[in-house]
Every structure is written in structure tokens, then in C-alpha cells.
Amino acid sequence: MTQKITVLKGDGIGPEISDAVMRILQAAGSDVEFECFEVGENAAQNGELIPEAAFTSFEANHIMLKAPITTPIGKGFRSLNVMLRKRYDLYANIRPAKANAAVKTPFPNVDIVTFRENTEDLYIGEETQVDADTVHALKLITRKASEQIIRDAFTYARTHQRKKVTCVHKANILKLSDGMFLDIFCDIAKEFPDIEADDKIIDALCMRLVMNPGDFDVLVMPNLYGDIVSDLTAGLIGGLGLLPSANIGSEYAMFEAVHGSAPDIAGQHIANPTALLWSACMMLESIDQADCAKRIRRAVDQVLMQGTCLTPDLHGNASTEAYRDAIIAAL
Ligand code: NAI
């Protein structure tokens, strides 16, 4: 049966890259039907940052493809991204960073999957103005959310023939919050004796990642560290334009690129749609359309390897649409 997909077209570069991705999915013969919604700054003039109909669509379809949405810094509305993750309990954020032979980097062997807890930590955004010069921010870590993400990371490692899961934390300083996360990790690791388990303090991990990224396989960590570390892994594989992600809960799944709405290049038709396209491939794999995802991945690899039609972030001079058409031609 044709799978209906709720598509939030985002703002900034969102509409450009989501149009390209939907065209490629159609050309690849995916068995999906898109229900598209304007959101964020593009919908704000109607008074609703995400129209109610988009929530209704997602609650019926359970699968969403989401383009990036701008979050103003220090003012304006709270992050719609964070709201969606919380509202639908999309507790696991999975970010695979795999080097692509076509994109030259000093680290051709990177193949790291970050499991980022997605609903708590400092990301709950609970800040209190104590006095004019003092602010408190609340870091929330719960046993339930920690167990879920850690067990998912180990299960993924087992089902994807991965060898090692590394817990990332700052338990030497945050003895209660990160300390509990690490304790839970050590307990759950015992249920997976076939998978190697170790842990790294976040600062040491960052150094090791840029010196020896090949040492790492699956990483699991609380929300804020996951946000930062996954951008670092994006850098290792050649940039943010190449990092897909899945936000998974027990009932709903939302697929999106890791990068943001890139207001500096919005409307210029030079955005790279690959990260959102690979997120769409993760989506197709999750709805039993892995063959279609494979065809798309092969076509993207072919265009990247040829290297004659790349967007400027990959040192080419092609437009988003020219790159899209090259992938469609390769299909
Ligand atoms: P950003 O990821 O939008 O941009 C960082 C840099 O990477 C910029 O120079 C941009 O031009 C470039 N870039 C990003 N995606 C690209 C692509 N597909 N192709 C080519 N170049 C690309 O990060 P920034 O500027 O910090 O955030 C902009 C807005 O996006 C903020 O409001 C932020 O809150 C929001 N954001 C939204 C996310 C989401 O919807 N999931 C995730 C991250 C940020």
C-alpha cells in the first residue's frame, strides 16, 4: 500500500532541498504520497508556525520528512524542532556519518553512528533568571530516557554488525546526571556481551575523534553532547550537507538533515540536498522500500564520483536543481 508521508517544507533552504528530494524520490519509483505543509517563517504570516493540519497528517501517517526550520537565537519562538521531538516522544536521534569515496577528506575511513538522546538534558530549555546577572539552566537526565537510547544503540550495533558502542559523558564533573547515564550504560552493556562497550569523557572524545576517528563505531550520549559531536562527525566526512538523521520514537518517526536552514544561502539555489535525500533513504528503509533507497544511494554516489555536477559546498558550481537532475539522470 502506498505510504503517505507528511512533509514539512521548512524555511531558509528548506523548500529548495525538499522539492529536490521529493522529485528524486518520485523519479526513483518510490511508493509514497507526499502531504506537504509550509512551516516556520514561511507559515508565520498565517499565525501558525506549524499548521494544525500538519500535526493531524503526521498523527495519521506516523512518518515525517522534515526540512530545516529556523530558530531565532535569544528571542522569538522556541525551537519547533525541539517541540516536535518532545510532542511525539522521538527519543532517539540517529546520525550516521560515513565517509564517501567521492568527497575528499583527510579521514576516508570514518563510519560513525551517533545515538543522541533527543528529549531531555539542557535541551529542555528551562532557564531561570535568578537576578539581573545570573541565570540557571536545568539539565534533566532520567533513567527511562537514558535506558531507551542506550538499549537502542546496542540493539542497532547488534543488528547492523557493528563491533563497539562508546558512551560519551562528563561523569567526572556531573556525577549525578551523567554519572547515572554512565551507570545505566554499564548495566545495559552486560545484556550485549557480543558488543564491545567502552566510555569516553566528552572532551577527550572530541580530541580522539579529530585525531583517530577510525577508532569509533557507535556512540551514545545525552542530548547536548550529541548535538555537538554529530556536527563534528559531519566535519570529518566533508560537511553538514552530507549528514542525514532519523528521529525515532515508539510510535512516530521523523527524518531530517542534521544541518539547519542556512539563511546565508537561502533562495540562491546552491544548497546541497544530499543530507535530506539520505534522510529520505533512511525513511524508505524503515518502510520496507530499501531497494528504492539503494537505487537512490547508488545514483548519488555516481554523481559524487563523477564530480562534474556538485554544489558549491562540495567545491562545485552546480545549482541545487542541476545536481538534482544529475541524480535523476543517473537513476
Ligand atoms: P546551518 O546548518 O543552517 O548552516 C551552517 C553553515 O553550513 C552555513 O554556512 C550554511 O550555508 C552551510 N550549510 C548548511 N546546510 C547546507 C546545505 N544543505 N548545503 C550547503 N551548505 C549548507 O546552521 P546555522 O546557521 O547555525 O543555523 C541556521 C538556522 O537553522 C538556525 O535558526 C538554527 O536554529 C536552525 N537549525 C535548524 C535545524 C533543524 O531544523 N533541524 C538544525 C540546526 C539548525
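Just so you know, ligand 1 is whichever comes first in the structure, and atom 1 is the first atom listed for that ligand.
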Worksheet, complete the sentence: Taking only non-hydrogen atoms of Thr70 and a 4.0 Å limit, the atoms of ligand 1 in range are 32 (O)

Discussion item. Going by the closest heavy atom to atom 29 (C) of ligand 1, which one wins out of Ser261, Gly239, Ala67?
Written reply: Ser261

Fill in: Contacting atoms of ligand 1, where contact means under 4.0 angstrom from a heavy atom of Glu256
41 (N)

Fill in: Whether Glu16 side chain and Gly267 backbone form a donor-acceptor pair below 3.5 Å
yes

Worksheet item: Below 4.0 angstrom, N of the basic side chain to O of the carboxylate: do Asp121 and Arg116 qualify?
Response: no

Worksheet item: Counting each atom of ligand 1 from 1 as listed, which ones have a heavy atom of Lys66 under 4.0 Å away?
Response: 39 (C), 40 (O), 41 (N)

Fill in: Residue Asp313 vicinity, atoms of ligand 1 by number, heavy atom under 4.0 Å
20 (C)

Worksheet entry | Among Asn272, Asn81, Val258, Asp264, closest by any non-hydrogen atom to atom 42 (C) of ligand 1 | Val258

Discussion item. Would Pro273 count as a polar contact of ligand 1, with the cut-off being nitrogen or oxygen pairs under 3.5 Å?
Written reply: no

Fill in: Per-atom contacts of ligand 1 with Ala271, taking only distances under 4.0 Å to non-hydrogen atoms
19 (N)

Fill in: Closest to atom 37 (C) of ligand 1 among Val82, Ile69, Leu242 (heavy-atom distance)
Ile69

Discussion item. So for ligand 1, is Ala257 a polar contact partner (N or O within less than 3.5 Å, distance only)?
Written reply: no

Worksheet, complete the sentence: The reported gap from CE in Met221 to CG in Asp178 (rounded to nearest 0.5 angstrom) is 11.5 Å

Discussion item. At under 4.0 Å between heavy atoms, is it the side chain or the backbone of Pro263 that contacts ligand 1, or both, or neither?
Written reply: side chain

Discussion item. Are Phe181 and Ile149 packed together at the side-chain level, in the sense that at least one heavy-atom pair is separated by less than 4.5 angstrom?
Written reply: yes

Worksheet item: Would one find an N or O of Ile270, backbone or side chain, under 3.5 Å from an N or O of ligand 1?
Response: no

Worksheet item: Are the aromatic ring centres of Phe185 and Phe154 under 6.0 angstrom apart?
Response: yes

Discussion item. Cation-pi check for Phe55 against Arg87: NZ or CZ below 6.0 Å from the six-membered ring centre and within 45 degrees of the axis, yes or no?
Written reply: yes

Worksheet item: Is any side-chain heavy atom of Asn247 less than 4.5 Å from a side-chain heavy atom of Tyr88?
Response: no

Discussion item. When you compare the side chains of Glu126 and Thr128, does any donor N or O come within less than 3.5 Å of an acceptor on the partner?
Written reply: no

Worksheet item: Any idea which of Thr274, Asp11, Ile13, Ile265 brings a heavy atom closest to atom 21 (N) of ligand 1?
Response: Ile265

Worksheet item: Would you say Tyr91 and Leu140 are hydrophobically clustered, going by side-chain heavy atoms of ILVMFWY under 4.5 Å?
Response: no

